[in-house]
Structures are given as C-alpha cells and as structure tokens.
Amino acid sequence: MKNVLEYLERSGALYPDKISFADTDKQITYSELIARARSIGTALTYSVGRGKPVPVFMGKSVDTICVFFGAVYAGCFYTLLDTKQPKMRLLDILRTLEADFIVTSHTYDDDLAAFGYGGTVLYAEDLMEAQENSTLLGMIRKLSLDIDPLYCNFTSGSTGTPKGVLVGHRSVIDFIDVFTELFNITDRDVIGNQAPFDFDVSVKDIYSAIAVGATVHIIPTAYFSIPTQLLDFLCDRHVTTLIWAVSAMCIISQLHGFDYRTPTEIKKVMFSGEVMPIRHLTEWQNALPETTFVNLYGPTEITCNCTYYVIDRKYERGESLPSGIPFPNEKVFLLDENNQLVTETGKTGEICVSGTALALGYYNAPEQTAKAFVQNPLNNKYIELIYRTGDLAYINEEGLFCFASRKDFQIKHMGHRIELGEIDQALDSIDEIERAVCTFENNKIIAYYVGSIDKKEIVRRLGERIPKYMIPNRFVQMDSLPLTKNGKIDRKALAAVKKR
Ligand code: AMP
C-alpha cells in the first residue's frame with residue numbers, strides 16, 4: 001500500500017453504504033465520501049499542482065473530511081487552518097506554505113470576513129459540484145509515491161513563526177496498520193473524535209476509521225465545556241473508542257461527568273499529549289471497569305505516537321505511569337548529554353526516534369528541520385535519521401520508558417503544545433516593551449516584562465498575533481529582569497519573584 005486512498009477505497013468497496021463520518025448536521029457513507037472527494041480532487045487539479053499544499057480554512061466537520069480527501073485525490077497535501085487564529089498567524093502559515101488560495105465553506109463566512117483574506121477563495125460547496133475526471137485522477141495516482149506528503153500540521157515555533165510538520169503517506173500507513181491491529185480497532189467500532197483536525201491526535205481517528213471501515217462521530221468542540229452534552233453524545237451515538245488528548249479526558253473527570261451518565265459502550269480509551277494525572281485516570285477506570293486504557297506517547301514529528309503502554313492495573317497517586325514500549329517498526333532510545341546511549345535503569349536521557357514514522361521535516365524550514373532531524377550519532381556507517389524529541393525519559397525496572405520532563409521551553413497548556421519562545425517573540429514585537437520573558441509555573445504562563453505599558457493593552461496587542469490559549473495568564477511588570485552571571489535571563493530568580 002502506498003497511498004492512504006487505498007484504505008478509503010478498500011472500505012468503500014466493503015462497506016459502501018456504511019456511515020464513515022458524521023457531525024451534528026450531516027453524515028456521509030463511504031461511497032458518498034469517495035464520490036465527493038473525487039469531485040473536489042478533480043476541481044482542485046485546475047487550481048493547484050501535484051505535491052502542493054491545500055490550506056483548508058474550516059473547522060472539523062464532514063465537509064472538511066471531504067476536502068481533505070479531495071486534496072489527496074488531487075495529489076496534494078492538506079493543512080487545516082484554525083479559523084479562530086489571529087490574522088497575522090494565519091498569514092505566517094500561508095507565507096510558509098507559499099499558498100495564494102484557501103479552501104473554505106460558507107459556514108465560515110464570518111470567520112473569513114474577520115480574517116480579511118486577500119487571496120483566492122475556493123468554496124467546498126462549489127468544488128463538490130465538479131464533474132469527476134477519472135482519467136485525470138488515475139494519472140495523478142499513477143505518479144504518486146509513498147513518500148509524498150499527506151498533511152502538514154502547524155505547531156508553535158520558538159522563532160515566533162509556527163512550524164509546519166509535514167507527514168507523508170508512508171508514515172501514516174506504517175503507523176495506522178499497527179495501531180489498528182494492536183488495539184483491535186475494527187469495522188464494528190464507533191470512534192468519538194475529540195481532537196481538532198490541525199492536531200495529529202485526529203489523524204488516528206480519521207485513518208484508523210478508513211483503514212478498517214469504522215465510523216467516526218465528530219464531537220463539536222463546544223461540548224467539551226458542557227460534560228452533560230458530551231456524555232449524551234457519547235451514549236446516544238454508541239461510541240466504543242476514544243482516542244483523546246489527556247486534557248479532554250480530564251474535563252469529564254474534573255467536572256464529575258460520570259455522576260450524570262456513563263458511556264458504558266466505550267471499550268477502548270487511548271490518550272496522549274501530556275502526563276495523565278493518576279487521580280483522573282482512576283476516576284475513568286472506576287467508571288469504566290471493563291475498558292482498556294492505553295497511554296500513548298509521542299510528538300507530531302514522528303507521526304502520532306512512538307510508544308504505548310496498555311494499563312493493566314490501578315495506579316497510586318505519586319506513582320509514575322509508564323510511556324511503555326515502542327510501536328513495531330519504530331526505534332526509540334535515550335541519548336545522554338554526550339550523545340551516548342543510555343542503558344542503565346533509572347538514568348535519564350533524551351528520547352530519540354528513528355524509522356519510517358519520521359515526518360518529512362518542517363515545511364519550507366530547512367534550518368529548523370536540520371536541527372531536529374539529525375543523523376543518529378550512534379551510527380556512522382549509513383544514513384539513519386533520528387528525531388530528537390527534546391523529551392527526557394528513563395527506563396524503569398520493567399524495561400518500560402517513563403516520561404520525565406522537557407529539555408527546553410516547550411510546554412503543554414490546556415492541551416496545546418506551545419513554545420514559550422513564540423510568546424516571547426510576540427511580546428518583543430510590542431514597541432513599549434523593552435524586554436520580556438515567559439515562564440510556566442504551576443500550570444500558568446507568566447510574562448515578566450520591563451516597559452511602560454499596561455497589562456490590558458498587552459493582552460489586546462498579543463491577541464493580534466497569537467491564539468488566545470498562548471496569552472499569558474499573568475503579567476509581572478519589573479524594573480529590570482534578573483540575569484545570571486552569564487548574562488542570560490535568570491528564570492530561577494523569576495520563579496521566586498512575588499506576584500501580585
Ligand atoms: P504534540 O506534538 O502536540 O503531540 O506534542 C508532543 C509532546 O507532548 C511530546 O514531545 C511530549 O512532551 C508531550 N507528550 C505527548 N504524549 C505524552 C504522554 N503520553 N505523556 C507525557 N507527555 C506526552
């Protein structure tokens with residue numbers, strides 16, 4: 001198999017009339033999805049060449065899925081643009097993609113007006129009306145390679161510009177084949193999609209489903225602030241499988257959602273993105289005692305996840321939940337600060353990964369790519385690229401990887417991966433700020449700054465550049481920032497500063 005469309009077409013042949021994707025307004029069968037995607041694919045070939053990006057300015061919906069697969073039929077890769085992002089950030093992404101058009105739908109007319117985009121706008125509603133040209137689509141497929149890019153997900157970048165992680169067909173097929181097999185995801189499963197489509201957790205929902213002919217129910221983002229609605233949705237749609245971010249699971253347990261209703265048909269819960277707090281895991285385990293829970297670990301750059309741990313017991317608070325063992329066909333190992341392999345139990349090293357799972361790099365960013373995707377320092381005999389995750393871990397007595405912490409200033413805040421450097425850059429762009437730096441303390445982003453500007457105005461200006469979830473929770477105005485003897489900002493001293 002070299003193209004994910006083979007998954008879609010296989011399921012389309014086996015289950016033509018089965019619902020593939022459903023949201024709160026629409027549902028679509030496998031055969032309808034293929035037909036619509038082929039129409040969109042044909043229409044896109046008139047505007048965009050093979051191998052090029054298709055920026056999709058839409059939320060998560062059935063129509064968005066049609067556009068994604070339309071882009072793939074056109075031999076392109078897709079990037080979801082979060083419609084709620086500030087204009088400047090969206091333009092940064094489009095600049096990186098060197099794209100002069102976007103695909104959207106009339107559902108997002110208001111967001112599009114707020115964005116004020118000046119380039120070409122293609123509407124999904126129009127693209128779907130195109131007459132499919134199977135000769136053209138056949139030619140495109142013939143030319144396709146398994147190393148062709150499939151999607152590009154943008155993640156926060158420390159230079160101030162988001163980085164586009166480009167992932168190819170081969171990596172997704174390699175991962176999804178083992179993922180569906182290991183966790184027994186079949187055509188009988190009903191997947192409840194939580195993750196936004198610009199977050200690679202959703203890749204597991206979309207591609208697991210089309211690989212086995214399962215159904216995905218797309219849960220509206222708004223339901224994650226109303227647990228009763230969320231639990232009704234899970235029960236009423238007979239959801240069996242959750243592949244969610246840790247932060248989303250915690251919403252249900254924190255708000256004691258299970259006191260209202262328990263979705264007893266859920267048989268598999270796979271979570272990732274952050275350390276799962278044991279208190280929350282226990283609450284889920286108590287509510288769903290027959291359910292399998294799996295801790296998945298990995299960054300977007302290695303295609304979803306590289307290790308997994310099937311949880312076989314209850315954990316005590318204070319115990320650390322292992323990240324587990326590598327997925328088949330992924331090499332996961334630890335390097336110490338001298339680039340030596342860590343083999344000793346309990347010793348910490350940086351998690352490094354090699355294998356087909358590695359992304360194709362950061363799109364249009366060769367320098368950043370070269371920094372993170374490097375030759376394996378343990379191999380000087382042939383080319384073996386590894387991805388340095390920046391995560392620190394150790395191996396426990398049972399031989400399982402255990403996540404420890406980060407090496408740098410990347411954080412997870414409200415489920416979002418953020419480089420504090422991107423916020424620092426946004427603060428720097430404000431003329432009245434002389435110097436600023438952010439830290440992450442007790443789950444809060446704190447901005448320390450020197451300058452004559454009040455907090456309200458800073459928030460307003462930051463809102464023009466960075467998404468809401470990146471705006472610091474607190475601002476501390478200072479006369480000067482403490483420095484270490486090497487002249488760097490002393491973050492330890494900042495943590496000790498009294499915050500009013
Ligand atoms: P993302 O690329 O958004 O998936 O974020 C990847 C980062 O999230 C990793 O590099 C880790 O720092 C963190 N992460 C992902 N999964 C886990 C997990 N199961 N436990 C702890 N941290 C995780």
Side-chain angles (χ1 to χ4, degrees), residues 57 59 81-95 108-118 154-163 196 198-199 221-222 224-226 247 250-251 254-255 274 409-483 488-500:
F57 183 80
L81 302 177
D82 175 355
T83 58
K84 303 290 178 206
Q85 285 193 79
K87 179 175 178 164
M88 279 200 221
R89 202 164 192 262
L90 286 168
L91 290 176
D92 272 348
I93 293 175
L94 288 171
R95 212 171 294 123
Y108 304 98
D109 279 344
D110 290 347
D111 292 327
L112 189 62
F115 177 19
Y117 179 63
F154 278 80
T155 173
S156 177
S158 57
T159 56
T161 312
K163 296 182 288 198
D198 55 352
F199 190 19
T221 308
F224 286 85
S225 16
I226 319 160
S247 55
C250 293
I251 291 171
Q254 206 154 6
L255 301 174
E274 281 168 86
F409 301 116
Q410 181 182 300
I411 60 158
K412 274 288 168 97
H413 185 43
M414 292 155 59
H416 297 278
R417 170 172 155 178
I418 300 170
E419 293 283 354
L420 290 176
E422 187 173 352
I423 312 175
D424 294 348
Q425 293 284 338
L427 285 163
D428 259 3
S429 71
I430 300 173
D431 283 345
E432 294 86 337
I433 291 185
E434 285 166 37
R435 192 94 206 258
V437 69
C438 290
T439 62
F440 193 52
E441 300 166 36
N442 300 324
N443 270 324
K444 291 208 162 40
I445 301 173
I446 308 194
Y448 298 88
Y449 73 99
V450 179
S452 52
I453 178 168
D454 72 28
K455 295 164 199 180
K456 241 193 182 158
E457 182 58 15
I458 303 180
V459 170
R460 196 188 65 76
R461 300 245 211 119
L462 286 179
E464 291 170 357
R465 283 193 167 259
I466 53 176
K468 270 202 188 98
Y469 58 79
M470 281 197 193
I471 299 201
N473 306 95
R474 269 184 174 185
F475 293 88
V476 182
Q477 193 172 20
M478 302 183 70
D479 295 331
S480 63
L481 296 182
L483 300 180
K488 289 191 178 177
I489 292 174
D490 187 344
R491 288 167 189 271
K492 270 201 192 126
L494 283 173
V497 168
K498 271 230 166 77
K499 287 115 195 156
R500 273 170 285 133

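Computed from a predicted structure; not experimentally measured. Just so it is clear, the values below take in all heavy atoms, side chains as well, and ignore hydrogens, waters and symmetry mates.
Taking CE of Met470 as the start and CD1 of Ile411 as the end, the distance is 9.0 Å to the nearest 0.5 Å. Atoms CE and CZ, from Met478 and Arg435 in turn, are 12.0 Å apart once rounded to the nearest 0.5 Å. Rounded to the nearest 0.5 Å, atoms CZ (Arg461) and CD1 (Ile430) are 6.0 Å apart. Interatomic distance, SG of Cys250 versus CD of Glu274, reported as 7.5 Å (0.5 Å rounding). In this structure, CG in Leu81 is found 10.0 Å from CG in Leu91, a value given to the nearest 0.5 Å. Note: Leu481 CG to Ile489 CD1 = 5.0 Å, rounded to the nearest 0.5 Å.
What you find for Cys438 and Asp424 is that their closest heavy atoms are N-OD1, 2.9 Å. Minimum heavy-atom separation, Tyr469 to His413: O-CD2, 3.4 Å. Taking all atoms of both residues into account, the shortest heavy-atom contact from Gln85 to Ile93 is NE2-CD1, 4.1 Å. Closest non-hydrogen pair, Ala426 versus Ile466, comes out as CB-CG2, 3.9 Å. Closest heavy-atom contact between Asp82 and Leu90: O-CD2, 3.6 Å. Between Ser429 and Arg465, the closest heavy-atom pair is OG-NE, 3.1 Å.
For the pair Tyr108 (side chain) and Gly59 (backbone), a donor-acceptor distance under 3.5 Å is present. Using modelled atom types, one side-chain atom of Glu422 and one backbone atom of Gly157 make a donor-acceptor pair closer than 3.5 Å. Checked by atom type and distance alone, the side chain of Gln477 pairs as donor or acceptor with a backbone atom of Gly451 at under 3.5 Å.
The aromatic rings of Tyr449 and Phe475 lie perpendicular to each other, with more than 60° between the two planes, well past the 30° mark.
Taking the centre and axis of the six-membered ring of Phe154, the NZ or CZ atom of Arg89 falls outside the cone set by 45° and 6.0 Å.
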Query raised in the report: Between Glu457 and Arg460, is a salt bridge (charged side-chain N to carboxylate O under 4.0 Å, His left out) present by the stated rule, with each step listed?
Result: CA-CA 5 Å; Glu457 182 58 15; Arg460 196 188 65 76; 2.9 Å; yes
Query - Intermediate values then yes/no, side-chain contact (heavy atoms from CB on, under 4.5 Å), Val476 and Leu494 - result: CA-CA 10 Å; Val476 182; Leu494 283 173; over 6 Å; no
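Ile418 is listed as a side-chain neighbour of Ile445, based on a closest heavy-atom distance under 4.5 Å. By the 4.5 Å heavy-atom criterion applied to side chains, Asn473 and Asn443 are not counted as neighbours. With a 4.5 Å cut-off on side-chain heavy atoms, Leu427 and Leu462 count as touching.
Environment of CZ in Arg491: crowded, with over 12 heavy atoms of neighbouring residues, nucleotides or ligands closer than 6.0 Å.
A salt bridge links Asp92 with Arg95: the closest approach of a Lys/Arg side-chain nitrogen to an acidic carboxylate oxygen falls below 4.0 angstrom. Salt-bridge annotation for Glu441 and Lys444: absent, with no side-chain N of the basic residue lying under 4.0 Å from a carboxylate O of the acidic one.
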